[in-house]
Amino acid sequence: MTAPASAREALALVTEDFTELPAVEGPSAGDGPIGWPGYDRTRAAAAARSGESESVVCGTGTVGGTRTVLVSFEFGFLGGSIGEGAGARVAAAHAHARTHRLPVTVLLATGGSRMHEGMRALVQLQRLAGESARTRAAGLPQLAVLRDPTTGGGWATLGAGSDVVLALPDAQVGFAGSRVRPPDADPAAYTAASQLAHGHVDSVVPAGELRGVLGRWLSLLTRPARGPVPPPYALGATAPATSGREAVARARRPERPRADRYLAEVFTERAELSGDRAGGTDPGTRCGFGRLPDGRTAAYAAQCGTATRPAGFRTAARLVRLADRLGVPVLTLIDTPGAANDAEAERAGAGPAIAELFGAVAEARVPVTALLVGEGGSGGALALAAPGNTWATPDSYFSVIAPELAAAILKRPPEEAAETADRLRLRPQDLVALGVVRGVVGARPAAGSGG
């Protein structure tokens, strides 16, 4: 299936029951607010070519069973540019969404602000940002689909400002349009693939799969679970560790169950966020929303056993803040030897990133449940812990610092790391006694056991 070329084609790609909202026109007439010579004729010609009276088409439609406000850009109308008329229509669409408690989905294809209206066009970006902020404050999700091209102020407001950002393959995406870039600029930097790699897009989706992916996201973001997520059952060892060194050895076993197994056990389907929106991604941190067996949604942030990069902490913070705004409870899975401590991690802001996640968890109004499933190394692990609602599996440990590093700090020989592990009281049962975790989870009861 080819990428949609027009606003109506984009709408038909995702819904079969689009109902257009009444057209809202901007205040400009004739040659517009700055008297651009021939602007009135230019608009008339654009309307005749495209079949649309403005660069956006707004309405409502059902996508995958969820009703949503849809804003689709018409690139054939003056390059999908944003002027007063487009701003008025998008503002009315957001107002409709807030009145009827609907999510907002924007199908973008724009070259930016309309030069024919000068600064009156550019200030529409503030207007759109304000509408988006009011919709955000109302607790409604916003999604964007980036078509070709998505550049300028449309990308910097309705696109990058959305909660979930999807892109079609080969879409040109960037703040700088093709005619205003440096002559030696790398064209690969202005693509959907590049924006995904650098943490600014959540997923690149083929046109034929867009309806299903978008429908899944809309369903997950609008059906929050009630109350905290119960801690998952243990999937690995169930007997308590007899020593600190044994607890550490268990948690470091390659065959120990990792985050993917726990997520598959908890959720029937999932959709993942990608990237910290600051230029980075961390494949060792999985964040997203999942469907529980009762059909409701919980959010998750899971470490996968590697040293967590600054981008991982920022992505997790982004996840917690979004879930909090949408009223979705959060499950975190803790499993890391610690925060990445190389020079690049420091340059990327490891400390500020960890602080951001600590703050997001502390400020969350929705219930957060944490399960320690493996290594719990220092502050890089504690950042995902839920104050008062953190649990542990029998094959895990939590420590102020890794035993080897503790021995080094205390100027002890490496061979004393095992003894140091015993002294740190890092076993799951020690953590319960210390009041750090609420309890140690057991295996799922066998069917018919009555447990």
Side-chain angles (χ1 to χ4, degrees), residues 220 224-241 247 250-251 253 256-270 272 285-305 308 316 319-320 323-324 327-336 357-358 360-362 364-377 380-399 426-447 449-451:
L220 287 171
R226 304 293 182 230
V229 181
Y233 292 107
L235 300 179
T238 56
R250 280 185 179 186
R253 291 174 58 191
R256 171 182 54 77
R258 306 280 169 162
D260 279 339
R261 282 187 58 187
Y262 280 95
L263 293 174
E265 185 77 10
V266 172
F267 298 110
T268 59
E269 69 171 334
R270 306 194 305 272
E272 294 208 342
T285 304
R286 306 283 295 275
C287 297
F289 291 78
R291 197 177 312 282
L292 298 168
D294 66 358
R296 294 287 182 170
T297 300
Y300 61 87
Q303 294 167 317
C304 299
T308 305
L319 178 281
V320 172
D324 188 49
V328 178
V330 179
L331 170 68
T332 69
L333 301 178
I334 302 167
D335 186 8
T336 180
L357 180 54
F358 269 124
V361 172
R365 296 160 297 178
V366 294
V368 180
T369 303
L371 179 64
L372 176 66
V373 300
E375 292 198 77
L382 188 64
L384 266 75
N389 198 28
T390 294
W391 303 74
T393 63
D395 48 0
S396 66
Y397 80 87
F398 218 149
S399 177
L426 46 70
R427 299 176 303 166
Q429 59 267 43
D430 295 327
L431 302 173
V432 175
L434 291 168
V436 175
V437 303
R438 286 185 61 179
V440 181
V441 298
R444 181 186 296 276
S449 66

Measure the shortest side-chain to side-chain distance between [X] and [Y] over non-hydrogen atoms and say whether it is less than 4.5 angstrom.
| X | Y | result |
| --- | --- | --- |
| Arg253 | Asp395 | no |
| Leu384 | Leu357 | yes |
| Asp260 | Arg286 | yes |
| Leu292 | Phe267 | yes |

So, does [X] use its side chain to make a donor-acceptor pair with the main chain of [Y] at under 3.5 Å?
| X | Y | result |
| --- | --- | --- |
| Asp324 | Ala364 | no |
| Thr268 | Arg291 | yes |
| Gln303 | Gly380 | yes |
| Arg427 | Ala241 | yes |
| Asn389 | Val368 | yes |
| Thr336 | Cys304 | no |
| Thr369 | Pro228 | no |
| Thr390 | Ala385 | no |

Rounded distance [0.5 Å steps], [atom1] in [X] versus [atom2] in [Y]:
| X | Y | atom1 | atom2 | result |
| --- | --- | --- | --- | --- |
| Arg258 | Leu263 | CZ | CG | 13.5 Å |
| Arg226 | Asp294 | CZ | CG | 10.5 Å |
| Ser396 | Glu375 | OG | CD | 10.5 Å |

Could you walk me through whether Asp335 and Arg256 pass the side chain to side chain contact (heavy atoms under 4.5 Å, CB included) check?
CA-CA 11 Å; Asp335 186 8; Arg256 171 182 54 77; 3.1 Å; yes

Search all heavy atoms of [X] against all heavy atoms of [Y] and return the closest pair with its distance.
| X | Y | answer |
| --- | --- | --- |
| Phe289 | Leu319 | CE1-CD2, 3.7 Å |
| Tyr262 | Pro232 | CD2-CB, 4.1 Å |
| Val437 | Pro428 | CG2-O, 4.2 Å |
| Gly227 | Pro367 | C-CG, 3.6 Å |
| Ala237 | Ala234 | O-CB, 4.4 Å |
| Ile334 | Ala370 | CD1-CB, 4.1 Å |

Going through the distances and angles, do Leu431 and Leu372 end up as a side chain to side chain contact (heavy atoms under 4.5 Å, CB included)?
CA-CA 11 Å; Leu431 302 173; Leu372 176 66; 4.0 Å; yes

I would like to know whether Phe398 and Asp430 meet side chain to side chain contact (heavy atoms under 4.5 Å, CB included); could you show each step before the answer?
CA-CA 9 Å; Phe398 218 149; Asp430 295 327; over 6 Å; no

Pick out which of Thr393, Leu235, Val441 makes a side chain to side chain contact (heavy atoms under 4.5 Å, CB included) with Val373.
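With Val373 as partner, Thr393, Leu235, Val441 yield a single side chain to side chain contact (heavy atoms under 4.5 Å, CB included), made by Thr393.
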
